[in-house]
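Scroll down for the structure; my scribbles are underneath it.
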Amino acid sequence: MADTSLSETKIGLLIWQVSNLWQSRLRKILKKYNLTLNEYLIIESSIKLGNNKSALYQNEISIYAGIDFSVSSVIFKLLEEKKIVSRVYTNDNRKKNIKVLSNGINLYKMISPLINDEEKKIFNKLKNENYNFTNSLKLLLGKRL
């Protein structure tokens, strides 16, 4: 049968549906650990960036994670309350140094393989096109290849 519905012919709707699928599957995993997707992305970004830096600031993590500054500020506060990260205020109140606590590192080590496996289940269907698909999405977003 031919692709005739809007959700089968409009690329924007297809991208939206894939995004919803990805978010739904990851949220299902994260719910068991009382984390939101944004919280997980902030933890992952903090750990990945923190491996190479002595000082790590909220704004750097927000940019790396692709999460708006105002949203990430709320997330950092929640993660601090959950004892996953600590925020150390510098001389400049706009810059808060972030440290992932051992609780956060252990949580990430437990969850990361589950998230990676779920993403593989979704995106391995692309097979050899994974690289091209990723670059196509970057082009649409105006990012460098």
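Taking OG of S19 as the start and CG of L14 as the end, the distance is 12.5 Å to the nearest 0.5 Å. With rounding to the nearest 0.5 Å, the separation of OG in S45 from CD1 in I98 is 12.0 Å. Rounded to the nearest 0.5 angstrom, L101 CG and S46 OG are separated by 10.5 Å. Interatomic distance, I61 CD1 to S72 OG, rounded to the nearest 0.5 Å: 8.5 Å.
Sorted by first and then second residue, the pairs that involve residues 29-52 and meet salt bridge (Lys or Arg N to Asp or Glu O under 4.0 Å), not counting sequence neighbours, are E39-K82, E44-K48.
G104 and I43 get closest at one heavy-atom pair: O-CG2, 4.1 Å. Of all heavy-atom pairs spanning E80 and R87, the tightest one is OE1-NE, 3.0 Å. Pairing each heavy atom of N38 with each of I75, the nearest pair is CB-CD1, 3.2 Å.
Taken together through direct or relayed side-chain contacts under 4.5 Å among Ile, Leu, Val, Met, Phe, Trp and Tyr, L26 and L137 form part of one hydrophobic cluster. Grouping the Ile, Leu, Val, Met, Phe, Trp and Tyr side chains by contacts below 4.5 angstrom, directly or via other members, places L107 with I105. Under the 4.5 Å side-chain heavy-atom criterion for ILVMFWY residues, a single connected hydrophobic cluster contains both L41 and V18. Side-chain heavy atoms closer than 4.5 Å link hydrophobic residues (I, L, V, M, F, W, Y) into clusters, and following such links, possibly through other members, connects L49 to Y40. Hydrophobic cluster membership is shared by I47 and Y33, with clusters built from Ile, Leu, Val, Met, Phe, Trp and Tyr side chains linked at under 4.5 angstrom.
Scanning for side chain to side chain contact (heavy atoms under 4.5 Å, CB included) contacts around K10 gives L6, L13, with sequence neighbours left out.
A donor-acceptor pair under 3.5 Å links the side-chain atoms of N97 to the main chain of L56, judged by distance alone. Put simply, the side chain of E60 gets close to the backbone of Y57: a donor and an acceptor are under 3.5 Å apart. In this structure, S73 contributes its side chain and F69 its backbone to no donor-acceptor pair below 3.5 Å.
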Can you give the donor-acceptor pairs under 3.5 Å from side chains of residues 109-124 to other protein atoms, not counting sequence neighbours?
{"residue": "N116", "atom": "ND2", "partner": "S112", "partner atom": "O", "Å": "3.3"}
{"residue": "E118", "atom": "OE2", "partner": "R25", "partner atom": "NH1", "Å": "3.2"}
{"residue": "E119", "atom": "OE2", "partner": "W22", "partner atom": "NE1", "Å": "2.9"}

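Residues L37 and Q23 meet the side-chain proximity criterion, which asks for heavy atoms closer than 4.5 Å. When side chains are defined from C-beta on, L79 counts as touching L35, because their heavy atoms get closer than 4.5 Å.
Under 3.5 Å, the side chains of S70 and D68 contain a donor-acceptor pair of N or O atoms.
In N20, the CG atom is crowded: over 12 heavy atoms of neighbouring residues, nucleotides or ligands sit closer than 6.0 Å. A 6.0 Å sphere centred on CG of L145 holds more than 12 heavy atoms belonging to other residues, nucleotides or ligands.
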* **Candidate pair F76 and K96, rule side chain to side chain contact (heavy atoms under 4.5 Å, CB included), full reasoning** => CA-CA 10 Å; F76 281 111; K96 295 172 188 86; over 6 Å; no
